[in-house]
Chemist: 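Following this message is one structure expressed as structure tokens.
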Amino acid sequence: MRTSWADSVADSASENAASGLSGPRPTRATYIPPHLRNRPPSSDFLAPPPAAPSLGNDRVGYGGPAGGSRRGGGGASKPDFGHLGYGSGGRGGGGGWNNRIGGWERGREREVNPFGNDGVAEPAFEVQENTGINFDAYEDIPVETSGQNVPPPVNTFAEIDLGEAVNQNIRRCKYVKPTPVQRNAIPILLGGRDLMACAQTGSGKTAAFCFPIIAGIMREQYVQRPHGGRTVYPLALILSPTRELSCQIHDEAKKFAYQTGVKVVVVYGGAPVNQQLRELERGVDVLVATPGRLVDLVERARVSLHMIRYLALDEADRMLDMGFEPQIRKIVEQMDMPPCGRRQTMLFSATFPKEIQRLASDFLSNYIFLAVGRVGSSTDLIVQRVEYVHETDKRSHLMDLLHAQRETEVNGKHSLTLVFVETKKGADSLEHWLYVNGFPATSIHGDRSQQERETALRSFKSGKTPILVATDVAARGLDIPHVAHVVNFDLPNDIDDYVHRIGRTGRAGKTGLATAFFNENNLSLARPLADLMQEANQEVPAWLTRYASRVSFSGGKNRRSVGPRFGGRDVRRDGTFNRGTDYYGGGNSGSGGYGVPSGYGGGFNPAVASAWD
DNA sequence: AAAAAAT
């Protein structure tokens with residue numbers, strides 16, 4: 001009995017060798033196109049069977065129906081406008097209903113238990129690895145806040161009254177005490193303040209903005225929303241840069257909102273819009289969305305942002321970078337969303353470049369800036385390696401790594417390898433190559449259909465295909481347990497992207513390995529990469545240091561002379577553009593903290609950056 | 001230059 005795919009790859013390799021074939025040969029004679037893969041047991045090299053049915057999230061195919069049984073006759077019959085009337089939770093036509101009771105009763109009959117425990121009251125969520133945060137590891141993390149009248153942090157969930165229903169969900173999630181970002185952000189948000197927060201993903205960031213949103217909606221029971229027509233009026237909007245991340249946020253938010261009467265819906269592109277419309281018609285309080293689909297729905301007048309009271313941008317620096325900013329600006333400023341000050345705006349991200357902070361302040365009103373460090377305050381948990389690999393040698397080198405990966409598997413438990421490439425084409429090509437060489441790989445990128453993307457991600461998470469080839473679509477935010485190894489097959493051009501990519505491993509207190517293939521195509525990254533690794537106490541190869549110093553004064557375009565790309569520091573606090581105070585109050589950062597912009601590496605403090613996912 | 005995001 002084989003114990004791992006690596007064994008079978010090794011076996012097939014030896015079979016090939018025995019049969020006199022030179023070089024790696026396909027284990028299978030027939031090519032199966034990507035969209036037909038990941039089907040049940042067509043392969044014999046699979047990892048040990050997934051221990052448990054993966055996650056409570058049983059989303060199948062398109063976004064849909066985690067919402068539970070359809071109520072009433074949907075279909076052609078007229079939409080039930082009652083849910084647009086009174087009552088928080090956007091439901092319960094009986095305007096005066098106590099929110100909690102209303103939500104509770106209705107929840108019982110129609111709300112799927114997002115904890116995946118067949119409706120039992122005290123569900124098992126213990127092995128829910130998504131949230132398996134090692135809370136003890138979050139002690140003594142440096143925290144910085146700035147802004148006027150910052151509410152003090154809390155130490156326990158008990159200190160904040162989120163309501164009994166939410167409290168119960170907190171227990172179901174096995175959250176014993178709030179993480180630092182939650183300790184700080186929740187009181188700020190409950191106090192109604194706008195917030196710009198830097199915190200790594202996986203540290204409870206989603207909960208940090210979801211709890212206050214949900215509690216706020218529950219509190220305001222008698223919000224009257226317009227009704228009539230087919231327009232829905234969500235009270236909260238959560239935007240994220242990828243569809244998968246939106247799904248992930250939605251799944252989390254459903255847990256937090258379970259039986260609170262607060263309805264969470266997700267909309268995103270690539271999936272049939274009709275199903276999403278039906279979900280919306282059944283009522284929506286919190287809308288999670290990717291920008292494109294949201295704009296579409298607003299323009300079709302199926303969604304109005306007029307009643308939005310809470311706006312959250314996840315991966316906010318990404319949302320406001322060149323590719324996204326116009327869309328976000330359109331949504332926030334040119335549609336019917338209430339202006340700054342009449343809504344509460346919260347921006348969360350792991351990295352927060354200074355120039356993005358400035359942009360972001362357009363969307364904020366008298367905001368509080370919050371920066372929270374990470375477990376171990378560094379990437380201690382991630383061993384970073386960089387190897388010089390010529391373009392032509394990358395594949396065979398990867399094969400070596402994948403074979404070596406076998407040794408790192410722990411008692412038959414699948415360990416996952418995430419391989420980042422630069423282009424969609426490159427992803428297809430590498431996936432195909434791995435596949436014909438007997439490696440159980442799949443891929444995710446923006447040219448694959450949404451169904452393929454979701455299937456690939458599921459297949460990877462479950463260990464069925466423990467190798468995932470990905471573009472940057474998977475670089476941010478995705479919480480994938482058991483990623484033991486991140487391979488930067490192609491290095492990104494931006495060090496921030498590198499930081500986000502390697503942050504897919506070493507999560508929640510577990511250790512991880514990150515290997516990068518470096519060659520002459522990556523010269524512009526030499527310096528920032530060398531700096532980052534050094535600050536994280538990683539072994540920097542001498543050759544990389546040489547490249548770094550060589551590029552030093554050539555001022556490549558990767559070298560934005562305008563200050564640190566990571567803003568662990570509130571831009572409002574470094575009025576002059578010179579050596580800002582060290583975030584850690586004179587810690588070990590040789591580069592002088594965040595505020596040093598002009599030179600090279602300008603104040604970008606890798607040790608800190610890496611501490612933020 | 002590339003990726004992502006509506007159809």
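Only a predicted model underlies this, so the values are computations on that prediction, with no experimental measurement involved. Order of the sequence lines sets the chain letters (A, B, ...), proteins ahead of strands, with each chain counted from 1.
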Chemist: So does Arg243(A) get a side-chain nitrogen or oxygen closer than 4.0 Å to the phosphate oxygens (OP1/OP2) of dA3(B)?
Modeler: no
Chemist: Rounding to an integer number of Å, can you tell me how far Glu325(A) CD sits from dA3(B) P?
Modeler: 22 Å
Chemist: Does Arg448(A) form a salt bridge (Lys or Arg N to Asp or Glu O under 4.0 Å) with Asp428(A)? I'd like the steps, not just the answer.
Modeler: CA-CA 9 Å; Arg448(A) 300 201 73 188; Asp428(A) 279 339; 5.1 Å; no
Chemist: Give the residues of residues 298-308 of chain A touching DNA chain B, defined as any heavy atom closer than 4.0 Å, sorted by residue number.
Modeler: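 Per residue number, the list reads Glu299(A).
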Chemist: List the steps, then state whether side chain to side chain donor-acceptor pair (under 3.5 Å) holds for Arg385(A) with Gln538(A).
Modeler: CA-CA 8 Å; Arg385(A) 291 200 303 224; Gln538(A) 301 293 312; over 6 Å; no
Chemist: Please identify each residue that fulfils side-chain contact (heavy atoms from CB on, under 4.5 Å) with Asn519(A), with sequence neighbours left out.
Modeler: Tyr388(A), Glu391(A), Lys394(A), Asn521(A), Asn522(A)
Chemist: Do Gln276(A) and Glu281(A) have side-chain N/O donor and acceptor atoms under 3.5 Å apart?
Modeler: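 No donor-acceptor contact under 3.5 Å links the two side chains.
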Chemist: Thr290(A) side chain N/O closer than 4.0 Å to the phosphate oxygens (OP1, OP2) of dA6(B)?
Modeler: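 Answer yes for this pair, as a side-chain N or O of Thr290(A) is under 4.0 Å from OP1 or OP2.
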Chemist: Strictly by modelled atom types, are Arg453(A) and Thr455(A) linked by a side-chain donor-acceptor pair under 3.5 Å?
Modeler: no
Chemist: Identify which nucleotide among dA4(B), dA2(B), dA6(B) has an atom closest to any side-chain atom of His445(A), counting heavy atoms from C-beta outward.
Modeler: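 Nearest to the side-chain atoms of His445(A), counting from C-beta on, is dA4(B).
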Chemist: Base, sugar-phosphate, or nothing: which does Arg318(A) touch, judged by heavy atoms less than 4.0 Å apart?
Modeler: base
Chemist: Please work out if Gly446(A) contacts a base, only the sugar-phosphate, or nothing of the nucleic acid, heavy-atom cut-off 4.0 Å.
Modeler: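 It contacts sugar-phosphate atoms only.
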Chemist: Nearest whole angstrom, please: distance from the C1' of dA6(B) to the CE of Met335(A).
Modeler: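 Going from Met335(A) (CE) to dA6(B) (C1'), I get 12 Å.
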Chemist: Rounded to the nearest Å, what distance is computed from the CG atom of residue Leu320(A) to the P atom of nucleotide dA5(B)?
Modeler: 17 Å
Chemist: Within the side chain of Thr231(A), is there an N or O that forms a donor-acceptor pair under 3.5 Å with the backbone of His227(A)?
Modeler: no
Chemist: Can you tell which of dA1(B), dA6(B), dA5(B) lies closest to the side chain of Asn493(A)?
Modeler: dA1(B)
Chemist: dA3(B) P sits how many Å from Gln327(A) CD, rounded?
Modeler: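 Checked: the CD to P distance equals 17 Å.
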Chemist: Separation of Arg501(A) atom CZ from dA3(B) atom P, in whole Å?
Modeler: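 These atoms are roughly 11 Å apart.
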Chemist: I need the CZ-C1' distance between Phe489(A) and dA3(B), as an integer number of Å.
Modeler: 18 Å
Chemist: Would you tell me if any nitrogen or oxygen in the side chain of Lys424(A) comes within less than 4.0 Å of OP1 or OP2 on dA4(B)?
Modeler: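 Yes, within the criterion.
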Chemist: For Tyr310(A), give me all partners under ring-ring contact (aromatic ring centres under 6.0 Å, His included), at least two apart in sequence or on another chain.
Modeler: none
Chemist: Which nucleotide, dA5(B), dT7(B), dA3(B), lies nearest any side-chain atom of Arg293(A)?
Modeler: dT7(B)
Chemist: Under 4.0 Å, heavy atoms only, any strand: does Val473(A) hit a base, just the sugar-phosphate, or nothing?
Modeler: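 The answer is sugar-phosphate, as Val473(A) gets under 4.0 Å only of primed atoms, P, OP1 or OP2.
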Chemist: Over how many whole Å does the gap from Ile328(A) atom CD1 to dA6(B) atom P extend?
Modeler: 10 Å
Chemist: Would you kindly give the NE2-to-C1' distance between His500(A) and dA3(B), to the nearest whole Å?
Modeler: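 For the pair His500(A) NE2 and dA3(B) C1', the rounded distance is 14 Å.
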Chemist: Please confirm whether the shortest side-chain N or O distance from Thr471(A) to OP1 or OP2 of dA2(B) is below 4.0 Å.
Modeler: no
Chemist: Go through it in stages, so that I can follow the logic: the residues are Ser459(A) and Thr465(A), the test is side chain to side chain donor-acceptor pair (under 3.5 Å), and I'd like the CA-CA distance, side-chain angles, deciding distance and then a yes or no.
Modeler: CA-CA 6 Å; Ser459(A) 175; Thr465(A) 49; 2.6 Å; yes
